[in-house]
Amino acid sequence: MGLWKVWSFTSRFNSSKRTNTILQHLTMSKHTDAAAEVLLERKGCAGVITLNRPKFLNALNLSMIQQIYPQLKKWEQDPETFLIIMKGAGEKAFCAGGDIRVISENTKTNPKMVQDFFREEYMLNNAIDSCLKPYIALIHGITMGGGVGLSVHGQFRVATEKSLFAMPETAIGLFPDVGGGYFLPRLQGKLGYFLALTGFRLKGRDVYTAGIATHFVDSEKLGMLEDDLLALNSPSKENIADVLETYHTKVINKMSPTSLKITLRQLMEGSSKTLPEVLTMEYRLSQACIGGHDFHEGVRAVLIDKDQNPKWKPANLKEVTDEDLNNHFNSLGSNDLKF
């Protein structure tokens, strides 16, 4: 199961007004028409699944799961279906998670329904992961908990500038499920641990940079992307990947590659140094940076010309050699900082 409530331990990412609005959606969610909660359509070369509860942020319930799973399996075996697209109706959410209030209310009165929800949701998560056809999730808008389970296990995940990702289950006494124990620890570094334990929200490009999404597309082009995918003629996975790559907006690295490598080594070495030793190291780094190219170029791009387009030298991480890095940490001899 998952949340469709936006939780965070960081106050700047949360407001009482937004919380109240989402809680109102959750309270009303049990009064919808089940027949229209999910749309299953064959369009062009694809099977298209639309989560159709936009007034309730496309919150996922058992009825929706029970409609999606068999259709996914049917399209998987259909020789005329070459890809599967999963998306959410409306502009606010892909899927903000499972219908948690309904689950809580039925724990005692209808325990079998609660058991079925978890069992069948997890089976759907696995079916998406093992799907034999290319699976494309358009994670435009809020994507949390159960919505993450409907997307992250697919082969392709397309984020936009309006994407909002979180796994905030610990805030309601649950845990990051829907395969969270699988994909979160496989994110770069310890990012997944941080996201799981804090419920922190990733927005826009960060969803792609973190590895949650495989592609980033401007939301105004999302409709055109879908049209081009549907228009493909008996496409291979490579054909589909080519279309996605055509729309993918490259992430511009605004950080100095040299500074990134310096900073990583600074923190690694600093973890075992005393404060005076760290300050001595940082004085060496400051003098190397002042005497180099990137500091002055960064000041120009951000503070003087304000074009926000620095030309770093070296231009990428691969071009920053070990010798370059070592030179920043070398002793300054008699000019070293002394305490």
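Worth knowing before you read on, the calculation uses all heavy atoms, side chains too, and leaves out hydrogens, waters and symmetry mates. Every value quoted in this text rests on a predicted model; they were computed, and no experiment measured them.
Between Thr258 and Pro314, the closest side-chain pair of non-hydrogen atoms falls below 4.5 Å. In this structure, Ser104 and Ile172 have side chains that are not in contact, with every pair of non-hydrogen atoms separated by 4.5 Å or more. Considering only heavy atoms from C-beta on, Gln266 comes within 4.5 Å of Thr263 through its side chain. Using a 4.5 Å heavy-atom cutoff, the side chains of Tyr69 and Glu120 are not in contact. The closest side-chain heavy-atom distance from Ile49 to Gln71 is not below 4.5 Å.
Counting only N and O atoms by type, the side chains of Ser63 and Gln67 include a donor and acceptor under 3.5 Å apart. Between the side chains of Asn316 and Glu319, at least one donor N or O sits under 3.5 Å from an acceptor N or O.
Summarising the local packing, CD of Gln308 is surrounded by more than 12 heavy atoms from other residues, nucleotides or ligands at distances under 6.0 Å. Residue Phe329 qualifies as enclosed at atom CZ: its count of foreign heavy atoms under 6.0 Å is above 12. No more than 12 heavy atoms of other residues, nucleotides or ligands lie within 6.0 Å of CG in Asn233, so this atom counts as exposed by the packing criterion.
In this structure, Phe165 has no ring-ring contact (aromatic ring centres under 6.0 Å, His included) partners at least two apart in sequence or on a different chain. With sequence neighbours excluded, no residue forms a salt bridge (charged side-chain N to carboxylate O under 4.0 Å, His left out) with Glu238. Residues that satisfy the side-chain hydrogen bond (donor to acceptor under 3.5 Å, both in side chains) test with Asn239, not counting sequence neighbours, are Ser236. Partners of Glu269 according to the salt bridge (charged side-chain N to carboxylate O under 4.0 Å, His left out) rule, which considers only residues two or more places apart in sequence or in another chain, are Arg265. Under the salt bridge (charged side-chain N to carboxylate O under 4.0 Å, His left out) criterion, Lys43 pairs with Glu41, not counting sequence neighbours.
Within the hydrophobic cluster formed by Ile, Leu, Val, Met, Phe, Trp and Tyr side chains joined at under 4.5 Å, directly or through other members, Tyr283 is accompanied by Leu275, Leu279, Leu332, Leu337, Phe339. Hydrophobic cluster of Leu264: the remaining members, joined at side-chain heavy-atom separations below 4.5 Å, are Met268, listed by chain and number.
His215 and His248 have perpendicular rings, their planes meeting at more than 60° on a 0 to 90° scale where under 30° would count as parallel. Between His153 and Phe183, the angle of the ring planes goes over 60°, which puts this pair in the perpendicular group of the 30/60° scheme.
Contact detail for Gly146 and Val178: the closest heavy-atom pair is CA-CG1, 4.1 Å. Of all non-hydrogen atoms in Gly204 and Phe216, the two that sit nearest each other are C-CE1, 3.8 Å.
Side-chain atoms of Asn61 do not come within 3.5 Å of backbone N or O of Asp99 as any donor-acceptor pair. Looking only at distances, a side-chain donor or acceptor of Ser151 sits under 3.5 Å from a matching main-chain atom of Gly147. One N or O on the side chain of Thr143 and one on the backbone of Gly141 form a donor-acceptor pair closer than 3.5 Å. Judged purely by atom type and a 3.5 angstrom limit, Arg53 has no side-chain atom pairing as donor or acceptor with the backbone of Leu57. For Asp324 (side chain) and Val320 (main-chain N/O), no donor-acceptor pair under 3.5 Å exists by modelled atom type. No side-chain donor-acceptor contact under 3.5 Å links His140 to the backbone of Phe94. No donor-acceptor pair closer than 3.5 Å links the side chain of Thr50 to the backbone N or O of Asn52.
Annotation: salt bridge (Lys or Arg N to Asp or Glu O under 4.0 Å) contacts involving residues 211-230, sequence neighbours excluded, comprise Lys87-Glu226. Under the salt bridge (Lys or Arg N to Asp or Glu O under 4.0 Å) criterion, the residue pairs touching residues 327-339 are Arg284-Asp336, with sequence neighbours excluded. The salt bridge (Lys or Arg N to Asp or Glu O under 4.0 Å) contacts involving residues 294-304 comprise Glu297-Arg300, Arg300-Asp305, Arg300-Asp307, where partners must be two or more places apart or lie in separate chains. Note on residues 136-148: no pairs pass salt bridge (Lys or Arg N to Asp or Glu O under 4.0 Å), not counting sequence neighbours.
Both Phe194 and Val148 belong to a common hydrophobic cluster when Ile, Leu, Val, Met, Phe, Trp and Tyr are linked at side-chain heavy-atom distances under 4.5 angstrom. Cluster annotation: Val158 is not connected to Ile84 through the hydrophobic network of ILVMFWY side chains, with a link wherever side-chain heavy atoms come within less than 4.5 Å. Both Met64 and Tyr122 are assigned to one and the same hydrophobic cluster, defined by single-linkage of ILVMFWY side chains at heavy-atom distances under 4.5 Å.
Here Phe117 contributes atom CZ and Ile100 contributes atom CD1; the two are 10.0 Å apart, rounded to the nearest 0.5 Å.
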Would you please test Asp206 and Lys203 for salt bridge (Lys or Arg N to Asp or Glu O under 4.0 Å) and show each step?
CA-CA 6 Å; Asp206 290 342; Lys203 298 181 179 181; over 6 Å; no
If you look only at distance, which donor and acceptor atoms sit under 3.5 Å apart when one is on a side chain in residues 128-139 and the other is two or more places apart or in another chain?
unit_1	atom_1	unit_2	atom_2	d
Ser130	OG	Asn126	O	3.0
Lys133	NZ	Trp75	O	3.1
Lys133	NZ	Glu76	O	3.3
Lys133	NZ	Asp78	O	2.7
Lys133	NZ	Thr81	O	2.6
Tyr135	OH	Leu150	O	2.7

